[in-house]
Amino acid sequence: MGQQKTAPENGTRESERRRTILRAAIDVFARKGYHGCRIADVAKEAGVAYGLVYHYFKNKDELLETVFETGWSGFIARARAVAESEGPLVEKVRRIADVAFDAYRVDPRAVKVLILEIARSPAGARINRQTAFVDVIRLSAQMFTRAKESGELRPDVDPLLASALLFGSIEMGLTAFVVGLADARDTAMLERAKAQIADSFLHGVLLSSASSKSEPAKHEPAKHEPAKHELPRGEEPQDAAPPKREKAAPKSRTPKRG
């Protein structure tokens with residue numbers, strides 16, 4: 001008699017097949033886009049029968065939804081761990097940028113699908129993007145609120161808007177690599193982009209950087225105004241000359257000599 005496979009073995013095999021198909025879907029979505037992707041393409045990429053894909057996913061919409069849920073949930077978990085950790089705001093912002101760019105470094109095709117095929121494409125309309133994106137913005141808004149209460153954040157900065165700006169900057173930075181404007185193979189470029197995004201953002205919201213930026217603009221014009229008005233006596237002889245001539249003129253008008 002042949003050996004029957006146990007339930008755990010069957011479950012492992014099923015999950016492995018499902019992961020293989022999902023991985024293939026990510027690669028095809030990244031290469032061809034949602035509209036160019038066919039189930040037959042995914043089956044070929046995964047090395048499985050066409051009908052087996054439908055055993056795990058009813059259509060390519062469900063495939064795209066699963067790609068989003070898998071990739072986004074992982075990012076949210078890592079971002080939450082950073083936002084809720086102890087430490088200064090500067091460190092947390094840099095670590096959140098690290099999480100995003102590390103995800104791209106490890107799996108650039110998955111990040112490409114998340115940005116181009118889900119976040120911005122009508123193809124992602126079936127996915128509850130609003131709830132997903134609102135969750136991450138609110139999550140980091142709490143981080144900015146705590147930073148504001150501790151005096152790290154400028155008093156005029158809105159924590160919710162600061163959170164939206166941070167993730168917007170990160171998304172656009174990654175988009176530059178996703179669409180080919182920057183070379184994704186250049187690890188030094190990735191590091192510079194990550195650092196520049198964090199630095200540019202922090203210089204706009206931190207209390208210390210805001211005060212140091214405004215100081216030169218306040219003092220510079222004030223130095224010249226008093227200087228012009230305090231120099232007429234000894235250093236502007238041309239302006240003082242006409243009054244002297246007017247006073248000297250009456251003395252020479254004496255007609256008595258003639």
Roughly how far, to the nearest 0.5 Å, is CG of L89 from CZ of F144? 5.5 Å

Measuring from F57:CZ to R18:CZ, what's the distance to the nearest 0.5 Å? 4.0 Å

Passes side-chain contact (heavy atoms from CB on, under 4.5 Å), E69 versus S73? Steps please. CA-CA 6 Å; E69 290 168 3; S73 62; 5.6 Å; no

Verdict with supporting geometry, V111 and F177, side-chain contact (heavy atoms from CB on, under 4.5 Å): CA-CA 10 Å; V111 172; F177 290 93; over 6 Å; no

If every non-hydrogen atom of V205 is compared with every non-hydrogen atom of L153, which pair is closest and at what distance? O-CD1, 3.6 Å

Under the salt bridge (Lys or Arg N to Asp or Glu O under 4.0 Å) criterion, do E65 and K58 qualify, and how do the steps go? CA-CA 11 Å; E65 289 173 27; K58 61 184 179 182; over 6 Å; no

Aromatic centroids of F133 and F75 separated by under 6.0 Å: no

Could you walk me through whether I26 and K112 pass side-chain contact (heavy atoms from CB on, under 4.5 Å), step by step? CA-CA 9 Å; I26 290 172; K112 180 178 181 179; over 6 Å; no

Would a 4.5 Å heavy-atom cut-off, applied to side chains only, mark L64 and K60 as touching? no

For the CE atom of M172 and the OG atom of S169, what is their distance to the nearest 0.5 Å? 9.5 Å

Close side-chain approach of L63 to N59, heavy-atom, < 4.5 Å: no

Nearest 0.5 Å please: distance from the CG atom of L165 over to the CD1 atom of I170. 11.0 Å

Applying salt bridge (Lys or Arg N to Asp or Glu O under 4.0 Å) to D107 and R23, what does each step give before you reach the verdict? CA-CA 11 Å; D107 197 348; R23 179 69 251 177; 2.6 Å; yes

Take a 6.0 Å sphere around CD of E191 and say whether it holds more than 12 heavy atoms from other residues, nucleotides or ligands. yes

Quick one: pull up CG in L181 and OG1 in T175 and give me the separation to the nearest 0.5 Å. 9.0 Å

Heavy-atom closest pair (V157 atom, A162 atom, distance to 0.1 Å) is CG1-CB, 3.9 Å

Stepwise side chain to side chain donor-acceptor pair (under 3.5 Å) test for Y56 and E62: CA-CA 9 Å; Y56 297 98; E62 187 174 341; over 6 Å; no

Short N-O contact, K92 and E86, less than 4.0 angstrom: no

Which atoms form the tightest heavy-atom contact between L114 and V67, and what is the distance? CD2-O, 4.4 Å

Measuring from atom NZ of K194 to atom CG of D98, what distance do you get when rounded to the nearest 0.5 angstrom? 4.0 Å

Quick one, R94 and L202 - any side-chain contact, counting heavy atoms below 4.5 Å? yes

Please name the pair of heavy atoms, one in I137 and one in A164, separated by the smallest distance, quoted to 0.1 Å. CG2-N, 4.1 Å

Would you say R31 and D27 make side-chain contact, with heavy atoms under 4.5 Å? yes

Would a 4.5 Å heavy-atom cut-off, applied to side chains only, mark R109 and F29 as touching? no

Under a 4.5 Å side-chain heavy-atom rule over Ile, Leu, Val, Met, Phe, Trp and Tyr, are L161 and L206 clustered together? no

Stepwise, does the salt bridge (Lys or Arg N to Asp or Glu O under 4.0 Å) test hold for R95 with E91? CA-CA 6 Å; R95 286 172 59 196; E91 180 183 325; 3.8 Å; yes

Are the side chains of S140 and F167 in touch, meaning some heavy atoms are under 4.5 Å apart? yes

Please name the pair of heavy atoms, one in E117 and one in G33, separated by the smallest distance, quoted to 0.1 Å. OE2-CA, 3.5 Å

V82 reachable from L139 in the ILVMFWY side-chain graph, under 4.5 Å edges: no

Residue pair L22 / R19, side-chain heavy-atom distance below 4.5 Å: no

For the residue pair L52 and I21, what are the closest heavy atoms and their distance? O-CD1, 4.1 Å

Residues K44, D41; criterion salt bridge (Lys or Arg N to Asp or Glu O under 4.0 Å); working and verdict: CA-CA 5 Å; K44 183 178 180 181; D41 298 326; over 6 Å; no

Please determine if K148 and E152 form a salt bridge, counting it only when a charged side-chain N lies under 4.0 Å from a carboxylate O. no

Is there side-chain contact between F101 and I197, with heavy atoms separated by less than 4.5 Å? yes

